[in-house]
Each structure stands twice: as C-alpha cells, then as structure tokens.
Amino acid sequence: MGSRSGKHSQNITLARWLIDKTNTKSYRAGLLSGWKHPVVDGTLMELVGGRQKFMEQAKLLEQETSAGKEGKLRFEWCGVYTDIRRIDYDISIISELCEREKIEDPRKHQLDLISTVRQYREEVKNCDWLCRYYEDLLLKLENGEEKTEAEDEDHFRCLNAIAMQEEPVWNRVFSERVVHNSKKFKKDYESAVLTVLRNYSPYYEEGMRDDELLHLHGIRSYAQTLEWKGALQYLLDEKHVVDTAVNVYGTVINTQTMEHSKVYAIPGCKKIMTIENKANYESMRYEEDTLYIFCHGFFSPKEVRFLQGICEIVSEDCEFYHWGDMDYGGIRIFQFIKNKVFSRLMPYRMGVDDFKKALEAGAGIPLKPDTGEKLEKLDAGVLNELKEMILETNMTIEQEYLL
C-alpha cells in the first residue's frame with residue numbers, strides 16, 4: 001500500500017489533506033466517527049497548488065469516488081462551481097481516500113503496530129521487566145499515540161535478544177547476530193534500548209554509565225574483570241584452591257574465572273575496602289590484614305555473586321569500607337555496594353571534614369543543576385551529611401584529589 005500518512009506543508013492533494021486532517025490520536029485509537037466540516041480558505045487552496053487545482057480536485061473527488069457518489073463527501077459550492085465555502089465528509093471515507101492516494105490508513109497502521117508489539121511481548125512472556133515495557137507501549141498505541149520506537153521491529157528484536165540471551169556477548173557480535181550488521185546496534189538502536197533499560201530493568205541504579213547498564217544485561221563493550229589486593233583464596237571448579245597472597249601488587253580475574261569460582265578463605269583479614277577510582281586503588285599499599293577491591297563503579301551480577309561469598313567466611317569483627325567520589329554517583333555506588341554486597345559497609349574519607357579540606361584545596365567541581373535535583377530526592381543514609389554539604393556548596397569532589 002506504500003508508506004503511512006504523514007504531515008505535509010506544500011504540494012499535496014486535496015484527498016491527502018483530508019487524510020492528514022483526520023489523522024489524529026482519536027482516529028488512530030478508533031474513537032473518531034461521524035462528520036467533519038472543515039472551512040475552505042486561501043491557505044488550504046495554496047497547499048493543493050492554488051484555486052484552480054483545488055476546484056479541479058474537488059470535482060474529481062465528487063465524481064470518481066464512492067464517497068462522493070454516496071454523498072459521504074460533499075462540497076458546499078458557491079456560484080456555478082466557482083468557489084467552495086466548506087467541505088462535509090464522513091470519517092468512514094478515509095480508508096477509500098488512502099487507497100486512492102496509495103498510502104496506508106493511519107488507523108489500520110496503528111492496529112498493525114499493536115499486533116506486532118503483542119507478538120514480541122509473547123516471545124518474552126516470562127520476562128517481567130520487558131513485558132511491563134510492552135504493556136506500557138501497547139497502552140499508548142491503543143490510545144492512539146504515535147510511537148517512533150514501534151515503527152522499527154529491529155528495536156524489539158534487540159530487546160528480546162537481550163532478555164533471552166543466557167551468556168554475555170560482545171557488543172558487535174550481538175549486533176551482527178540480531179540486526180546482521182556489527183555496527184548497527186550501537187549506531188541505530190543502543191540509545192533507544194538504553195532508555196528502556198533505564199525505565200524497566202531491575203538492574204538499573206541511578207547514576208550507572210551506559211556501558212555498565214549494558215554490561216549488566218550481557219552486552220560487553222569492554223572485558224569484565226575483578227581486581228583486588230590481598231590474601232584472598234578462591235576455589236576454582238570446586239577442586240583447585242588459588243592463593244593470591246603472593247600477588248602483592250594486585251590480582252585480576254576475568255568473567256570466566258568468576259563464573260567457575262567462589263571465595264574460599266581470606267586468612268587474617270580484618271578490613272575490606274572497595275575503591276571506586278583506579279588511581280586510588282593502585283596507590284593503596286599492600287597490607288596483610290586488608291583486602292582492597294577495585295569496584296570501577298557498579299559491580300556486575302557475577303561480581304556481586306563472587307564478592308557476597310566474602311561475608312560468609314570473614315569474622316564478625318571484620319570492617320567494611322568504601323572510598324569513592326563525593327558526588328551523586330559516588331553516593332549511589334556506595335549505596336549499591338551496601339545494599340547488594342556488604343551490608344556492614346561504612347564510608348572511608350567521604351565525610352564532611354574530608355569534603356571541606358578538599359574544597360579549601362581547590363578540588364571542587366561545580367554540581368550540575370539536574371544532578372542537584374536528583375541528589376535532593378536521594379535518601380543518602382549514612383552519607384546524608386555529605387549530601388547536604390554538596391547541596392549547600394553546589395560543589396562535588398572526585399576521589400583522585402584525595403590521593
């Protein structure tokens with residue numbers, strides 16, 4: 001049938017103008033019926049190419065269409081076919097006008113979109129978060145809203161592939177598998193997919209970077225690793241105990257190692273510290289009774305699972321600390337680790353005094369207004385005094401300044 005109806009500003013037919021005039025939210029929702037009576041003016045005549053063309057097209061519509069012959073499309077003529085004051089038409093004629101213009105009826109197009117979305121929802125009926133997205137989208141479409149995201153099925157294919165994949169995959173490999181072009185996902189669909197994930201994903205935490213959020217859903221843009229300094233021992237494949245005490249400068253394990261391992265022991269550990277920034281982590285001197293963990297931001301699900309094992313083996317008097325940026329993101333990361341990994345977590349060098357000293361040293365970075373609004377609404381818990389100081393000064397401090 002051709003492309004769907006759209007908006008035009010010049011050189012359109014009278015039939016197309018009537019279609020566009022009717023193509024409203026109510027029409028697409030199937031709620032519009034009865035008659036319409038648009039008044040003819042100079043602007044309308046100009047849109048269809050002038051008075052003469054307007055008159056010629058009006059006569060043809062009356063004489064050649066079923067709508068005209070049946071009286072469902074009438075023109076209020078003045079004189080002997082010299083002028084037209086008003087057009088009277090029944091909404092039911094739009095389908096015929098669309099056939100005449102070789103375009104798709106907007107109402108039919110909306111119904112097709114609804115049917116398509118329902119099909120993709122059925123594919124992932126066991127994925128609660130994605131079903132919620134589809135249900136919200138369906139409600140908007142059923143109400144007649146125009147949703148650009150519903151026009152391209154590859155958008156849905158990407159979402160469903162993310163929901164159904166069982167193993168992590170590199171961004172370009174994912175793109176090649178789903179949309180048959182290794183760069184197309186990032187170029188054309190990643191932004192819209194991220195919007196859905198931010199609104200519906202159970203893994204999303206305010207302040208997450210795009211690559212972190214995609215990583216949590218198995219789309220890799222970088223190698224996932226876990227780094228620490230300390231005498232941690234882990235059990236590999238339920239049979240090999242790997243002791244990292246000798247790696248006084250740090251140990252790094254990849255995703256596969258995390259998947260096949262669990263924490264086994266941390267001899268003599270009295271303190272565990274997660275550190276947000278790499279420079280600060282690298283600067284920490286090896287101590288036999290301390291485990292330093294580089295967190296790089298929000299831990300992935302595999303990192304969370306691995307690290308949760310620490311709580312099961314350390315003594316009750318073991319202390320947990322986190323050292324991060326004194327800003328909105330740093331507070332969010334602290335809360336994430338406290339809620340998901342180490343429930344006894346306390347802040348390290350993230351107090352009001354630390355903030356003031358860094359500010360006096362000229363380390364402050366202006367707080368963005370939109371971030372400030374988010375921070376005001378945030379329950380910062382044990383970091384509430386820091387939150388208030390940030391809002392009071394409209395400044396933030398990055399962890400590197402405290403080296």
Side-chain angles (χ1 to χ4, degrees), residues 168 203 205 212 215-216 222-325 330-351 354 381-383 399-400 402-403:
Y203 302 131
E205 296 281 346
E212 288 177 326
H215 214 133
L216 290 173
Y222 59 93
Q224 181 182 325
T225 59
L226 180 61
E227 301 183 42
W228 69 81
K229 292 180 184 179
L232 183 147
Q233 299 175 12
Y234 62 89
L235 183 63
L236 180 64
D237 289 330
E238 296 292 339
K239 56 185 177 181
H240 303 295
V241 176
V242 181
D243 189 347
T244 66
V246 69
N247 295 336
V248 295
Y249 305 110
T251 297
V252 182
I253 62 172
N254 62 14
T255 303
Q256 285 182 306
T257 303
M258 273 185 273
E259 291 172 349
H260 292 270
S261 303
K262 64 181 179 180
V263 175
Y264 183 75
I266 315 179
C269 185
K270 296 179 181 179
K271 185 188 299 182
I272 293 170
M273 180 180 292
T274 54
I275 304 171
E276 180 181 347
N277 299 95
K278 190 64 178 286
N280 298 67
Y281 166 76
E282 293 284 0
S283 72
M284 301 303 289
R285 185 167 56 89
Y286 179 86
E287 298 286 350
E288 290 184 356
D289 66 351
T290 303
L291 178 67
Y292 299 103
I293 304 169
F294 173 51
C295 74
H296 63 72
F298 295 89
F299 287 123
S300 71
K302 288 183 173 60
E303 289 172 309
V304 168
R305 181 198 63 78
F306 184 88
L307 294 173
Q308 283 174 339
I310 291 174
C311 299
E312 300 173 5
I313 63 172
V314 294
S315 63
E316 292 185 3
D317 59 353
C318 182
E319 298 175 333
F320 293 84
Y321 293 97
H322 173 74
W323 187 14
D325 293 336
I331 294 174
R332 292 293 296 169
I333 291 169
F334 173 87
Q335 289 180 315
F336 176 87
I337 298 172
K338 186 175 180 65
N339 293 333
K340 306 277 188 178
V341 189
F342 304 134
S343 61
R344 307 204 307 262
L345 193 69
M346 295 297 292
Y348 174 80
R349 299 189 68 181
M350 297 178 72
D354 300 296
V382 296
L383 290 174
Q399 183 184 0
E400 288 90 342
L402 302 180
L403 276 173

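The chain is numbered in sequence order, starting from 1.
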Next on the checklist: Which heavy atom of Gly297 sits nearest to which heavy atom of Ile333, and what is that distance?
Outcome noted: O-CG2, 3.5 Å
Exercise answer: donor-acceptor pairs, residues 252-260 side-chain atoms, under 3.5 Å, sequence neighbours excluded:
from: Asn254; atom 1: OD1; to: Gln256; atom 2: N; distance (Å): 3.4
from: Asn254; atom 1: OD1; to: Thr257; atom 2: N; distance (Å): 3.0
from: Asn254; atom 1: OD1; to: Thr257; atom 2: OG1; distance (Å): 2.8
from: Thr255; atom 1: OG1; to: Gln224; atom 2: O; distance (Å): 3.2
from: His260; atom 1: ND1; to: Asp237; atom 2: OD1; distance (Å): 3.1

Checklist entry - Does Lys270 use its side chain to pair, donor to acceptor, with the backbone of Asp289 at less than 3.5 Å? => result no
Item to check | Minimum heavy-atom distance Ala265-Ile313, with the two atoms named | outcome: CA-CD1, 3.5 Å
Next on the checklist: Looking at every heavy atom in both Phe299 and Leu216, which two are closest together, and how far apart are they?
Outcome noted: O-CD2, 3.8 Å
Checklist entry - Are the side chain of Lys340 and the backbone N or O of Val304 linked by a donor-acceptor pair below 3.5 Å? => result no
Checklist entry - Considering only heavy atoms from C-beta outward, does the side chain of Met350 approach that of Glu276 to under 4.5 Å? => result no
Checklist outcome for this item: Scanning both residues in full, the closest heavy-atom pair of Met284 with Tyr292 reads CE-CE2, 3.4 Å
Item to check | Closest non-hydrogen atom pair between Tyr234 and Ser261, with its separation | outcome: CD1-OG, 3.5 Å
Checklist entry - Does Ile310 reach the side chain of Leu291, with side-chain heavy atoms less than 4.5 Å apart? => result yes
Next on the checklist: Side chains of Ile293 and Leu226, heavy atoms from C-beta outward: is any pair under 4.5 Å?
Outcome noted: yes
Checklist entry - Taking only residues two or more places apart in sequence, or in another chain, which ones meet Glu312 in a salt bridge (Lys or Arg N to Asp or Glu O under 4.0 Å)? => result none
Checklist entry - So, for Leu307 and Phe342, which heavy atoms are closest and what is the spacing to 0.1 Å? => result O-CE2, 3.6 Å
Checklist entry - Side chain of Thr244, backbone of Asn247: donor and acceptor closer than 3.5 Å? => result no
Checklist entry - Do the side chain of Arg344 and the main chain of Cys318 share a donor and acceptor less than 3.5 angstrom apart? => result yes
Checklist entry - Does Glu227 reach the main-chain N or O of Phe294 with its side chain, forming a donor-acceptor pair under 3.5 Å? => result no
Next on the checklist: Please check: side-chain N/O of Tyr281 versus main-chain N/O of Trp228, any donor-acceptor pairing under 3.5 Å?
Outcome noted: yes
Next on the checklist: Any side-chain to backbone donor/acceptor pair from Glu288 onto Ala245? Under 3.5 Å, distance only.
Outcome noted: no
Checklist entry - Which word best sums up how the rings of His322 and Phe334 line up, parallel for under 30°, tilted for 30 to 60°, or perpendicular for over 60°? => result tilted
Item to check | For Glu205, all residues meeting side-chain hydrogen bond (donor to acceptor under 3.5 Å, both in side chains), sequence neighbours excluded | outcome: Arg332
